[in-house]
Amino acid sequence: MTEFWLISAPGEKTCQQTWDKIMTATTRTNNLSTNNKFNIPDLKSFRRAVMSFDAVHSVVKKVAQYMADVLEDSRDKVQENLLANGVDLVTYVTRFQWDMAKYPIKQSLKNISEIVSKQVSQIDNDLKARASAYNNLKGNLQNLERKNAGSLLTRSLADIVKKENFVLDSEYLITMLVVVPKTNYADWQHTYETLSEMVVPRSTNLLFEDQDSGLFTVTLFRKAIDDFRLKARENKFTVRDFQYNEEEMKADKEEMTRLSTDKKKQFGPLVRWLKVNFSEAFIAWIHIKALRVFVESPNKKNMKKLREVLNDLYKHLDSSAAAIIDQSAMDIPGLNLSQQEYYPYVYYKIDCNLLDFK
């Protein structure tokens, strides 16, 4: 149950009579919805709200979605972290109480709206800054991780090779690394010594295998490098551009460790910030929507019927709305009147489904 209808129904002699009338029509007779009173105080300058519902809702969704992005593999835990004042969203909406401390009712609705606007804008700006910093860190770490994964043709070889695999500090000899498809292992063993002149016999060793290929060493004279590389390519062997440099490999490993540590350090505070500010943004969103309304939680299969019952109750208040209702019922092709959200009573929707999982 993630969708609520906030409706403002015209008063009978008392608000309780209005409540009883709707309860009878929607719940006691038809069992179309679960209804709750939405308690708010009297507000000054009631019709002068300036804050956009969509703007606040957009920030609420962005904070919620970024929470899902940050939690990555723990996305199933996202919903339990999306709370308002420490309770789940359904409970908060159905037991709503106006926050007098944050939004003093002695102020005009315009001033309250401006308070919300500043609060939500600050959350939005802070989110952009925090997300940018964390995403950069995460992106740099992922780039390094990608270098250490994938095909032998492209991946970093720093965590595969060892110093003893190479002839180092020789004026004449060099050890090269060659990627050989597994299907060509026999060809490599039979031909590598003759691919060019000056290849050291019996100098090849298999260092590592992935799903498709193996990484072999071969030692030859430096003057034969270009010729060997060309002949190797002709035989479907790929010579990797690699020079053993202990300091560079050590620096890469240290950089990965540093980025991984920094990500872990930022993760906890960022999740806490997201939880706190999601709560603040969601509370602000509900307050900016708050009218003298009832909150209805419709069963999806009953939405159409519930709408019909409400329209029947109140269509006498607005003849133009009644006309739209009657015409939309005719389903005239191309007219699209049924898509207009216009009703003879004040209506707003609260959708608590804030995540877009792909």
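No hydrogens, no waters, no symmetry mates; every other heavy atom, side chains included, goes into these values.
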> In terms of the angle between their ring planes, are W188 and Y192 parallel, tilted or perpendicular, with boundaries placed at 30° and 60°?
Replying inline: parallel
> In terms of the angle between their ring planes, are H287 and Y103 parallel, tilted or perpendicular, with boundaries placed at 30° and 60°?
Replying inline: tilted
Do other residues, nucleotides or ligands put more than 12 heavy atoms under 6.0 Å from [X] [atom1]?
X: K265; atom1: NZ; value: no
X: R240; atom1: CZ; value: yes
X: K62; atom1: NZ; value: yes
X: D226; atom1: CG; value: no

> Ignoring hydrogens and geometry, is there a side-chain-to-backbone donor-acceptor pair from T204 to F216 under 3.5 Å?
Replying inline: no
>> Whether the side chain of S132 engages the backbone of A129 through a donor-acceptor N/O pair (distance < 3.5 Å, no angle test) should be reported.
In response: no
>> side chain to side chain donor-acceptor pair (under 3.5 Å) for Q122 and D126? Distances and angles first, verdict last.
In response: CA-CA 6 Å; Q122 186 63 51; D126 287 351; 2.9 Å; yes
> Between K138 and D262, is a salt bridge (Lys or Arg N to Asp or Glu O under 4.0 Å) present by the stated rule, with each step listed?
Replying inline: CA-CA 9 Å; K138 182 178 171 182; D262 286 352; over 6 Å; no
Under 4.5 Å between any side-chain heavy atoms of [X] and [Y], yes or no?
X: I174; Y: I225; answer: yes
X: E197; Y: K223; answer: no
X: V218; Y: N205; answer: no
X: R233; Y: T238; answer: no
X: R222; Y: Y172; answer: no
X: T194; Y: K231; answer: no
X: V180; Y: L206; answer: no
X: M100; Y: I105; answer: yes

When you compare the side chains of [X] and [Y], does any donor N or O come within less than 3.5 Å of an acceptor on the partner?
X: T175; Y: T219; result: yes
X: W19; Y: Q17; result: no
X: K37; Y: Q16; result: yes
X: T26; Y: N35; result: yes
X: D88; Y: T91; result: yes

> Would K77 and E80 satisfy salt bridge (Lys or Arg N to Asp or Glu O under 4.0 Å), going step by step from the backbone distance to the final call?
Replying inline: CA-CA 6 Å; K77 296 182 179 178; E80 66 189 52; 5.9 Å; no
> Hey, mind stepping through S33 and L306 against side chain to side chain contact (heavy atoms under 4.5 Å, CB included) and telling me if it holds?
Replying inline: CA-CA 8 Å; S33 61; L306 176 59; 3.9 Å; yes
> What residues, two or more places apart in sequence or in another chain, satisfy side-chain hydrogen bond (donor to acceptor under 3.5 Å, both in side chains) together with N245?
Replying inline: none
Please determine if [X] and [Y] form a salt bridge, counting it only when a charged side-chain N lies under 4.0 Å from a carboxylate O.
X: K250; Y: E247; answer: no
X: D212; Y: K182; answer: no
X: E280; Y: K118; answer: no

>> Quick one, Q97 with Y92, criterion side chain to side chain donor-acceptor pair (under 3.5 Å). Give me CA distance, side-chain angles, the key distance, then yes/no.
In response: CA-CA 8 Å; Q97 294 292 326; Y92 180 80; over 6 Å; no
> Do K263 and E145 pass the salt bridge (Lys or Arg N to Asp or Glu O under 4.0 Å) test, and can you show the C-alpha distance, the side-chain angles, and the key distance before you say yes or no?
Replying inline: CA-CA 13 Å; K263 184 186 174 189; E145 288 172 341; over 6 Å; no
Heavy-atom closest contact ([X] atom, [Y] atom, distance):
X: P104; Y: I115; result: CD-CD1, 4.4 Å
X: M249; Y: V161; result: SD-CG2, 4.3 Å
X: F4; Y: C352; result: CE1-SG, 3.8 Å

>> Is there a side chain to side chain contact (heavy atoms under 4.5 Å, CB included) between V63 and M67? Walk through the geometry before answering.
In response: CA-CA 6 Å; V63 177; M67 171 85 80; 5.8 Å; no
> Could you walk me through whether D312 and V309 pass the side chain to side chain contact (heavy atoms under 4.5 Å, CB included) check?
Replying inline: CA-CA 5 Å; D312 285 343; V309 168; 5.7 Å; no
> Listed by chain and number, what are the salt bridge (charged side-chain N to carboxylate O under 4.0 Å, His left out) partners of D159, not counting sequence neighbours?
Replying inline: R155
> What do the steps show when you test M198 against L220 for side chain to side chain contact (heavy atoms under 4.5 Å, CB included), and what is the final call?
Replying inline: CA-CA 6 Å; M198 295 185 267; L220 59 147; 5.7 Å; no
>> If you take the centroid of each ring, where Trp contributes its six-membered ring, are F38 and F96 closer together than 6.0 Å?
In response: yes
For residues 162-169, tabulate all N or O donor-acceptor pairs below 3.5 Å that involve a side-chain atom, not counting sequence neighbours.
{"from": "N165", "atom 1": "OD1", "to": "K162", "atom 2": "N", "distance (Å)": "2.7"}

